[in-house]
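Taking it in order: structure first as structure tokens, then the write-up.
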Amino acid sequence: DVRIFDYVEDADGKKKAILNKKETAIAQAKQELIKQGFQDWVWSDPERRERLCRLYNDKFNSLRPREYDGSHIVFSGMNPEIELREHQRNAVAHILYGGNTLLAHAVGAGKTFEMVSAAMESKRLGLCSKSLFVVPNHLTEQWASEFLQLYPSANILVATKKDFETKNRKKFCGRIATGDYDAVIIGHSQLQKIPMSKERQQAIIERQIEQVMIAIQLAKKEKAENFTVKQMERTRKSLETRLERLNDIERDDTVTFEELGVDRLFIDESHYFKNLFLATKMRNVGGIAQTEAQKSSDLFTKCQYLDEITEGRGVIFATGTPISNSMVELYTIQRYLQYGLLDELGLQHFDDWAANYGETTTTIELSPEGSGYRPKTRFSKFINLPELMAHFKMCADIQTADMLKLPVPEAIFHNEVIKPSDLQKEAITGLAERAEAVRGGNIDPSVDNMLKITNDGRKLALDQRLINLSHP
């Protein structure tokens with residue numbers, strides 16, 4: 001991310017950086033020329049070209065994902081009135097015979113029945129002893145109903161809201177640990193309330209600190225901007241604070257996740273866990289969010305534990321939208337489900353993965369407030385896509401609506417274009433002025449910020465009376 005700044009002194013004599021858009025555009029164009037020149041040089045020598053191709057093919061282009069056929073599977077105990085479709089049987093075969101699996105099937109493809117039948121078959125064949133299903137909070141009872149619809153004689157335990165209240169949690173976890181259940185169904189928010197052991201949490205945080213330290217060293221070696229290094233230093237300090245806080249917690253008799261006896265974890269709507277910890281030296285690049293959700297870190301810890309006890313066969317994700325906003329989500333899925341493979345390929349760190357499979361592109365985009373255009377660098381272009389998909393398909397079972405051709409009614413779409421009123425046009429101009437003030441750092445974030453501006457823009461687009469009730 002190349003940017004050129006001019007420095008001016010404000011009224012207090014402090015230096016203030018102002019982006020020079022013209023010089024930045026020229027510098028970025030030069031950067032592209034240098035990149036292209038390097039590529040041309042790399043491939044100009046036949047001997048070097050041959051050696052690099054051989055190295056790449058041996059490491060990244062030597063795997064072919066297995067195709068699974070579940071037509072032979074006999075589902076003992078399943079409701080005889082229900083017949084699984086071909087893609088569902090194949091998905092069950094993938095879970096039974098493959099490793100960690102992502103069911104990336106379109107909405108309505110029958111992912112629930114796939115997971116239920118895979119869990120029951122795994123237990124019948126002795127591949128697992130206890131399955132834990134983690135589903136959206138409002139769907140626990142619906143899941144239980146559909147589970148028993150498919151397997152009427154199944155012995156399942158379903159969590160209610162009361163079960164995870166502080167006074168009842170220990171008793172409920174004890175029931176999971178001591179009961180011989182075919183499956184246990186809990187909500188997304190309830191999974192986080194079952195802690196990992198203190199030692200394992202410490203080991204995971206220490207590993208994250210180590211990754212950040214490596215990223216800091218690389219950034220310093222490549223003479224990255226001070227802001228990038230400072231940002232990563234802040235990340236390191238926050239992780240160290242978490243580690244200290246963890247060390248201060250006294251051990252109690254809470255039942256830990258390891259003590260539940262769970263050796264197969266099914267995550268429904270797994271896209272809710274996409275904000276996983278990420279250490280990178282890339283800065284100001286759209287599509288790379290460095291925000292971290294605690295529930296995602298907690299799930300990652302549990303996936304690491306299950307990988308250890310099942311040799312990478314104990315985690316199944318299901319979602320209709322595996323990649324919705326950015327390429328980082330694909331890397332996140334691989335970290336959850338293919339951590340061992342990434343380690344083997346030397347792509348554990350995001351910057352290594354990004355250098356191998358993606359490119360940043362700078363394009364002119366409409367600004368968020370809709371008043372003009374601006375250059376924006378995004379991590380949005382895949383390279384070496386066949387090799388990436390070969391690795392990804394080792395865990396991903398992909399079925400799109402076009403592939404499935406399910407019997408659904410045909411939709412007829414009409415686009416209605418509504419012209420803005422004079423009041424709306426005037427308000428949009430105001431939004432643009434506010435956005436410029438925020439970008440220039442001329443206003444306190446507690447008074448106005450981009451989130452507030454975009455929210456006002458949405459309200460304005462929906463109905464101008466949401467901004468002011470007196471508007472017509």
Side-chain angles (χ1 to χ4, degrees), residues 1-29 225 227-228 230-231 234 271-272 274-275 282-293 321 324-329 360-381 413-472:
D1 178 31
V2 174
R3 297 192 298 167
I4 310 295
F5 291 94
D6 295 326
Y7 290 91
V8 295
E9 286 190 3
D10 60 15
D12 301 326
K14 291 181 182 176
K15 274 191 174 182
K16 187 177 176 183
I18 297 173
L19 181 68
N20 187 322
K21 293 181 182 179
K22 183 183 174 183
E23 294 298 327
T24 296
I26 294 169
Q28 287 175 345
E225 290 183 38
F227 180 84
T228 308
K230 283 176 183 173
Q231 200 175 32
R234 278 199 297 272
H271 54 271
Y272 289 122
K274 66 184 179 183
N275 290 331
M282 292 188 189
R283 185 174 67 86
N284 287 327
V285 178
I288 299 180
Q290 293 187 47
T291 53
E292 177 193 10
T321 51
S324 55
N325 290 324
S326 76
M327 290 169 57
V328 179
E329 291 168 30
T360 55
T361 54
T362 303
T363 55
I364 302 298
E365 293 183 358
L366 186 68
S367 59
E369 66 275 12
S371 64
Y373 294 88
R374 60 174 186 171
K376 180 68 179 174
T377 303
R378 288 193 177 278
F379 184 61
S380 58
K381 185 181 175 185
F413 295 98
H414 295 282
N415 290 328
E416 296 291 342
V417 180
I418 301 169
K419 291 184 179 180
S421 68
D422 292 337
L423 283 168
Q424 285 173 315
K425 287 178 183 176
E426 191 182 323
I428 287 170
T429 307
L431 292 178
E433 290 167 359
R434 285 167 60 192
E436 204 58 46
V438 168
R439 278 203 207 96
N442 303 326
I443 194 160
D444 191 291
S446 62
V447 177
D448 202 7
N449 53 64
M450 285 305 294
L451 188 63
K452 195 174 176 183
I453 293 166
T454 50
N455 188 43
D456 286 347
R458 286 196 188 98
K459 288 178 182 176
L460 192 63
L462 185 64
D463 191 325
Q464 60 193 23
R465 286 170 296 183
L466 291 170
I467 300 291
N468 190 331
L469 282 171
S470 64
H471 286 342

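Under a 3.5 Å cut-off, the side chain of Lys274 and the backbone N or O of Val328 do not form any donor-acceptor pair.
No side-chain heavy atom of Leu462 sits less than 4.5 Å from a side-chain heavy atom of Arg458.
The local environment of CD in Glu426 is sparse, with at most 12 non-hydrogen atoms from other residues, nucleotides or ligands closer than 6.0 Å.
Rounded to the nearest 0.5 Å, atoms CD (Glu9) and NZ (Lys15) are 7.0 Å apart.
Considering all non-hydrogen atoms of both residues, Val438 and Ile453 come closest at CG2-CD1, 3.9 Å. Pairing each heavy atom of Gly457 with each of Leu431, the nearest pair is CA-CD1, 3.7 Å. Closest approach of Asn20 and Asp6 over heavy atoms only: ND2-OD2, 3.0 Å.
Screening residues 459-469 for salt bridge (Lys or Arg N to Asp or Glu O under 4.0 Å), with sequence neighbours left out, gives Asp463-Arg465.
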Decide side chain to side chain contact (heavy atoms under 4.5 Å, CB included) for Asp456 and Arg434; before the verdict, give the C-alpha distance in whole Å, the side-chain angles of both, and the deciding distance to 0.1 Å.
CA-CA 11 Å; Asp456 286 347; Arg434 285 167 60 192; 3.0 Å; yes
Quiz: residues 417-424 side-chain donor-acceptor pairs under 3.5 angstrom, not counting sequence neighbours:
residue	atom	partner	partner atom	Å
Ser421	OG	Gln424	N	3.2
Ser421	OG	Gln464	OE1	2.7
Gln424	OE1	Ser421	N	2.9
Gln424	NE2	Leu460	O	2.9

